[in-house]
Each structure stands twice: as structure tokens, then as C-alpha cells.
Amino acid sequence: MAEKPQPVRVLYCGVCSLPPEYCEFGSDFEKCKPWLIQNVPDLYPNLLKEANDKESDKVADKLQSTGISSGTGDGAASSAPKQEEEKQEVVIEKVVRNKRKCITTVKGLELFGVKLSDASKKLGKKFATGASVVKGPTEKEQIDVQGDIAYDIVEFITDTWPDVPETAIFFIEDGRKVPAA
């Protein structure tokens, strides 16, 4: 008796979700490169060579910087990421889809102790629209609200949650971060 044919297992890129052969044609090839080097190094051998060259340059630079500043470099490097993590700000971004439809994205409310599920419920009721908590591209949760309510939402956030100051709310307009105040 003949054996049943087994299904073909296709590997997909963890970044762009395309098969690795097509990553170079996707929009995020630069972001895909580390994943490709780690998971399918035989598919793009030139990437592996580039990565080894860059890594050796980084190691050489690190050795030189360590030789110049032996003790102070480590302390400054470890304190810099802490400052970035402590920075509390709410970022509001309007994303246009299908020419007329908009989605307003609110990121960073959880840094002020706001429960995102409650916040999305309140936003949906206030603006009579759909609102949901989703994972963004950086794997952090954010609130997506249907419609262009970017400028109305600032007053609502500051009134509903007094812990969020208006100076900590920013808009992303034309790729730049602009203060809401």
C-alpha cells in the first residue's frame, strides 16, 4: 500500500509573514534581515557575510571604547535605557485607510496606570464608535478607535484621567511628534 503524501511545511518570516524567499520583495526587508540570518542563513548567504562584517566592526569599536573609558562607560550605558523606560507620554496617531476612513491610535495610557480595556470602553461610548485594545507593531498594547477624533480625544483624556497631564500628550503628524498642548 502506498504511503499517504504528507503536507508540505512552509516556513514563514516572523517579521513580515511572507515566505523567506519573498522577504526581499516586501516592504520591511531591513527589519527581516536579522530574522533571516538567524533562521534561514543558507537562503541569503550574502546577508550572513554582511552581518559577520558588521559584528566584527562592532566588537572592534566596543574594545576601543572600553580601552579608552574603562569604568565610566558601563555606568552611563546602564543608566541611559532607564531614562527611556521612565518617560511617560501618550502618543495619538491618525492612520488613514481606504482614502476616507480613519483609525485613531492611542499609545502609552497604561504608563499612567489607566486600564486599557476600561479606557477603550469609555472612548467607544463617548465618541459613539468602535474602540478596541490591540497589540501594536512593537508588541505593546494600544487602543484603536474608529474615526478621526485625534483632537477631541485630548480633552477627554485629561478630563477622565487627571493623572495624565496635557503636556504628556503628543500627536504624530507627518511623521513628527508634536505636543498636544
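Residue numbers start at 1 and run along the sequence shown.
Legend: ring pair (Phe, Tyr, Trp, His ring centres under 6.0 Å) pairs involving residues 92-129, not counting sequence neighbours, sorted by first then second residue: Phe127-Phe156.
Residue Lys94 places its NZ atom among 12 or fewer non-hydrogen atoms of other residues, nucleotides or ligands, all under 6.0 Å distant. Other residues, nucleotides and ligands contribute only 12 or fewer heavy atoms inside 6.0 Å of the CD atom of Gln38.
Put simply, Tyr151 and Val106 are part of the same group of oily side chains (I, L, V, M, F, W, Y) that touch within less than 4.5 Å, one to the next. Phe171 is connected to Ile169 through a chain of hydrophobic side-chain contacts under 4.5 Å among Ile, Leu, Val, Met, Phe, Trp and Tyr, so both are in one cluster. A continuous path of hydrophobic side-chain contacts links Leu11 to Leu43 [ILVMFWY only; heavy atoms under 4.5 Å]. Hydrophobic cluster membership is shared by Ile37 and Val40, with clusters built from Ile, Leu, Val, Met, Phe, Trp and Tyr side chains linked at under 4.5 angstrom.
Between Trp35 and Pro20, the closest side-chain pair of non-hydrogen atoms falls below 4.5 Å. Counting only heavy atoms from C-beta outward, the side chains of Leu36 and Cys23 approach each other to under 4.5 Å.
A salt bridge does not link Arg176 to Glu173: none of the charged nitrogens lies less than 4.0 Å from a carboxylate oxygen. Using a cutoff of 4.0 Å between basic side-chain nitrogens and carboxylate oxygens, Glu89 and Lys177 are scored as salt-bridged.
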Quiz item: Which is it for Ile157 and Val114 under the side-chain contact (heavy atoms from CB on, under 4.5 Å) test, yes or no, and what are the steps along the way?
Solution: CA-CA 10 Å; Ile157 289 174; Val114 177; over 6 Å; no

Exercise. Apply side-chain contact (heavy atoms from CB on, under 4.5 Å) to the pair Lys107 and Lys140, showing each step before the final yes or no.
Key: CA-CA 8 Å; Lys107 305 172 194 169; Lys140 289 188 176 182; over 6 Å; no

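The structure places CG of Leu109 at 6.0 Å from CH2 of Trp161, a figure rounded to the nearest 0.5 Å. Atom SG of Cys13 sits about 12.0 Å away from atom CD of Glu24, to the nearest 0.5 Å. In this structure, NZ in Lys125 is found 10.5 Å from OG in Ser120, a value given to the nearest 0.5 Å. From Tyr12, atom OH reaches atom OH of Tyr22 across 10.5 Å, with rounding to the nearest 0.5 Å. Residue Leu123 holds its CG atom at 4.5 Å from CD1 of Ile153, rounded to the nearest 0.5 Å. Between Asp148 atom CG and Ile103 atom CD1 the span is 11.5 Å, to the nearest 0.5 Å.
Taking both residues in full, the closest heavy atoms of Gly26 and Leu18 are given as CA-CD1, 4.1 Å, listed atom of the first, atom of the second, then distance. Among all heavy-atom pairs drawn from Ala131 and Val145, the shortest one is CB-CG2, 4.1 Å. Scanning all heavy atoms of the two residues, the minimum distance from Ala168 to Gln88 falls at CB-O, 3.8 Å.
Between Glu110 and the choices Ile143, Val90, Leu116, Val133, the side-chain contact (heavy atoms from CB on, under 4.5 Å) rule is met once, by Leu116.
Proximity of a side-chain donor or acceptor of Gln146 to a complementary backbone N or O of Thr129 within less than 3.5 Å is not detected.
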